[in-house]
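The residues of the chain are indexed from 1 along the displayed sequence. Heavy-atom basis, side chains included; hydrogens, waters and symmetry copies ignored.
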Amino acid sequence: MPGLRIIAVAVAVVGLVAASCTGGAEGPSGAGPAPTGAEGPVTHQLSMRLVRATGKTQDGTLRPSDIAEPAEAIRRDLEELYETAFLAPSLDREALFSHFTGDARREAERDLARLTIGSVRGELDEVVPHRATVSLKLLGDARGHPLAAFAHTKFRASAVSGNVHAPVTNDAEYVLRRSNGAWRIVSYDVRGRTPRPEQMGAQAGRAAFAPGLPSNGPLFVLVIGSDARPGRSAVNARADSIHIVGVNPRLGRVSILGIPRDSWVAIPGSGTNKINAALVRGGPELLVRTVEQVSGVDIDAFVLTGFVGFERLVDAVGGIEVRIPYPIDDSAAGAHLRAGPEHLNRDEALAFARARHDVPAGDFSRSFNQGRLIIAALATLRRQVAIGRPAALLPWVLAGSRSLQTDLSLGQIFELLLAAPAFEPSRARNEVASGSGTTIGGLSVVVLGERARALFRDLRRDAVLGN
């Protein structure tokens, strides 16, 4: 796969694990006894006990035997992370940063004060843990190998200096990947309250980091909607919607260029026909070759779904927030929508994507509205993750792997969705390659014009329209 490939795809929720801290009979649970006669700050050991772990793949549920080892490894890593960050008398920076990898490690160095007990550490006699929990959701590949984990931790403790006790709280969302045989944090969103040195007052803070795409080069994905009705394969039908999604990681920009389904084009090895015929004649691979020939854009990946798959996607992620541009009353598509922001369920989203009779420019407006849906999906995902819930990615990842046909692996889908919130939907550009309507061989077709060719040139330069 040349470079990275990005798409809007999706997934189902996996499971969760609770862990608790337990300690001696006296004092808060999780606190070990202080050494007799010890001088200087007291160090407590944290005990996180894994209660239960479950996980899912695109094909079903991970077996307990597949979960046990990674769950225990993650439990130990998080236990060590919190001991280093909050309980140790002095901060071992190398030990702390060893739990992070790549850009997350560099970012953690900047967020050090918010990820640890901070500058008050030297003023304390001890930090006494009261309670710690961790919820864990595992995502596995088709062979049952866990490839990612979403951990939600809650930590409660008391910072002690003489007779002064101040609360310490930490609520965090971590995304972990296996790296060199160990689980390491690649994304985090941490909110907490730690005391200040002066008067041990509480200071609220937050630190968050989400990785971008490893490659800064332009990426192009062909998003295909099949006209296949329930009971038919998505490849045994004509393409109902065709969109090139261009991504420029360096600029943080997404552009969507729709191609009218009735565009009259040359199909490699199959003569001249409407572009939507390429799907039924040679599957998504032939449609990719046709689009590349027409547009001059080198496609990095494709995603394909039919009516049923589309509805399942929308259902799995809880619906899509879309701004409807104008009232639509299209009985043929089942679309009866009012203008303004709407939360569309599976049926309403499909109806909006299909409506062409009660929109200003027929198929051109329909293609533009389909682009609106792609941007709305990105915005919905971004909102869900932005409120401090990285695990919101899971329904998107698994639903996409189950409902879409694509040449992306589950791991690639995960990595791309993890980076998707870095792209601002309000800066996304949505266009349709226009042309003139005519009749050829008794067929109503669209002959793409100079504006379409200009849009293709613009997009293939850097994946940004109108830059």
Asks: What verdict does the salt bridge (Lys or Arg N to Asp or Glu O under 4.0 Å) test give for Glu342 and Arg323, after you've listed the backbone C-alpha separation in whole Å, the side-chain angles of each residue and the deciding distance to 0.1 Å?
Replies: CA-CA 6 Å; Glu342 292 285 345; Arg323 179 172 290 278; over 6 Å; no
Asks: Would you say the ring centers of Tyr82 and Phe155 fall short of 6.0 Å from each other?
Replies: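 For Tyr82 and Phe155, the ring centres are under 6.0 Å apart.
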Asks: Assess whether salt bridge (Lys or Arg N to Asp or Glu O under 4.0 Å) is satisfied between Arg382 and Glu424, documenting all intermediate values.
Replies: CA-CA 8 Å; Arg382 198 170 190 261; Glu424 173 56 60; 3.0 Å; yes
Asks: Can you tell me how far apart CD1 (Ile74) and CG (Leu176) are? Round to the nearest 0.5 Å.
Replies: 5.5 Å
Asks: List the steps and the verdict of salt bridge (Lys or Arg N to Asp or Glu O under 4.0 Å) for Asp66 and Arg63.
Replies: CA-CA 5 Å; Asp66 295 327; Arg63 296 173 300 178; 3.0 Å; yes
Asks: Can you name the closest pair of heavy atoms from Asp141 and Thr57 and give their distance?
Replies: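 Scanning both residues completely, I find the closest heavy atoms to be O-CG2, 3.2 Å.
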Asks: Identify whether the distance between the nearest side-chain nitrogen and carboxylate oxygen of Arg76 and Glu79 falls below 4.0 Å.
Replies: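 No salt bridge links Arg76 with Glu79.
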Asks: Applying side-chain contact (heavy atoms from CB on, under 4.5 Å), run through Thr380 and Val317 and close with a yes or a no.
Replies: CA-CA 9 Å; Thr380 300; Val317 300; 5.7 Å; no
Asks: Do we see a donor-acceptor contact under 3.5 Å between the side chains of Lys56 and Thr61?
Replies: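 Yes, Thr61 and Lys56 have a side-chain donor paired with an acceptor closer than 3.5 Å.
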Asks: With distance as the sole test, does Ser403 use its side chain to make a donor-acceptor pair with the main-chain N or O of Arg312 at under 3.5 Å?
Replies: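 Such a contact is absent between Ser403 side chain and Arg312 backbone.
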Asks: Any donor-acceptor pair under 3.5 Å linking the side chain of Arg178 with the backbone of Ala148?
Replies: no
Asks: Test salt bridge (Lys or Arg N to Asp or Glu O under 4.0 Å) on Asp240 and Arg366 and set out the steps.
Replies: CA-CA 10 Å; Asp240 196 53; Arg366 181 173 73 159; 3.5 Å; yes
Asks: Determine the minimum heavy-atom distance between Leu139 and Phe414, stating which atoms define it.
Replies: CD2-CD1, 3.9 Å
Asks: Taking the basic N atoms (NZ, or NE/NH1/NH2) and the acidic carboxylate oxygens, is any pair closer than 4.0 Å for Asp77 and Arg75?
Replies: no
Asks: Quick one: closest heavy-atom pair of Ser255 and Leu459, and the distance?
Replies: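 Heavy atoms only, the tightest pair is CB-CD1, 3.9 Å.
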Asks: Report the C-alpha separation of Val127 and Ser158 in whole Å, then their side-chain angles, then the decisive distance to 0.1 Å, and conclude whether the side-chain contact (heavy atoms from CB on, under 4.5 Å) test is met.
Replies: CA-CA 6 Å; Val127 176; Ser158 291; over 6 Å; no
Asks: How close do Ala351 and Gly334 get, counting heavy atoms only, and between which atoms?
Replies: CB-O, 3.4 Å
Asks: Before giving the answer on side-chain contact (heavy atoms from CB on, under 4.5 Å), spell out for Ile256 and Val223 the whole-Å C-alpha distance, their side-chain angles and the decisive distance to 0.1 Å.
Replies: CA-CA 10 Å; Ile256 300 166; Val223 178; over 6 Å; no
Asks: Looking only at the side chains, is there a donor atom on one of Asn369 and Arg372 sitting less than 3.5 Å from an acceptor on the other?
Replies: yes
Asks: If we check side chain to side chain contact (heavy atoms under 4.5 Å, CB included) with Leu257, which of these qualifies: Glu431, Arg460, His243, Arg429?
Replies: Glu431
Asks: Salt-bridge test for Glu94 and Arg105: reply yes if a basic N is under 4.0 Å from a carboxylate O, no otherwise.
Replies: yes
Asks: Before accepting this row, confirm whether a basic side-chain N of the pair Arg156/Asp171 lies closer than 4.0 Å to the acidic partner's carboxylate O.
Replies: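 The answer is yes: the pair qualifies as a salt bridge.
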Asks: Between Glu415 and Arg177, is the closest basic N to carboxylate O distance under 4.0 Å?
Replies: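 Salt bridge: yes.
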Asks: Please check if the number of heavy atoms outside Arg261 that lie under 6.0 Å from its CZ is greater than 12.
Replies: yes
Asks: Does the side chain of Tyr188 pick up a donor-acceptor pair with the side chain of Asp111 at under 3.5 Å?
Replies: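 Yes - a donor-acceptor pair under 3.5 Å links their side chains.
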Asks: If I compare all heavy atoms of Leu136 with all of Ala151, which pair ends up nearest, and what's the gap?
Replies: CD1-CB, 4.2 Å
Asks: Using modelled atom types and a 3.5 Å cut-off, is there a donor and acceptor pairing between side-chain atoms of Arg121 and backbone atoms of Ala85?
Replies: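 Yes; at least one donor-acceptor contact below 3.5 Å.
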Asks: List the steps and the verdict of side-chain contact (heavy atoms from CB on, under 4.5 Å) for Asn170 and Lys154.
Replies: CA-CA 6 Å; Asn170 183 277; Lys154 288 188 176 182; over 6 Å; no
Asks: For Arg354 and Phe307, work out which heavy atoms get closest and say how close.
Replies: NE-CZ, 3.6 Å
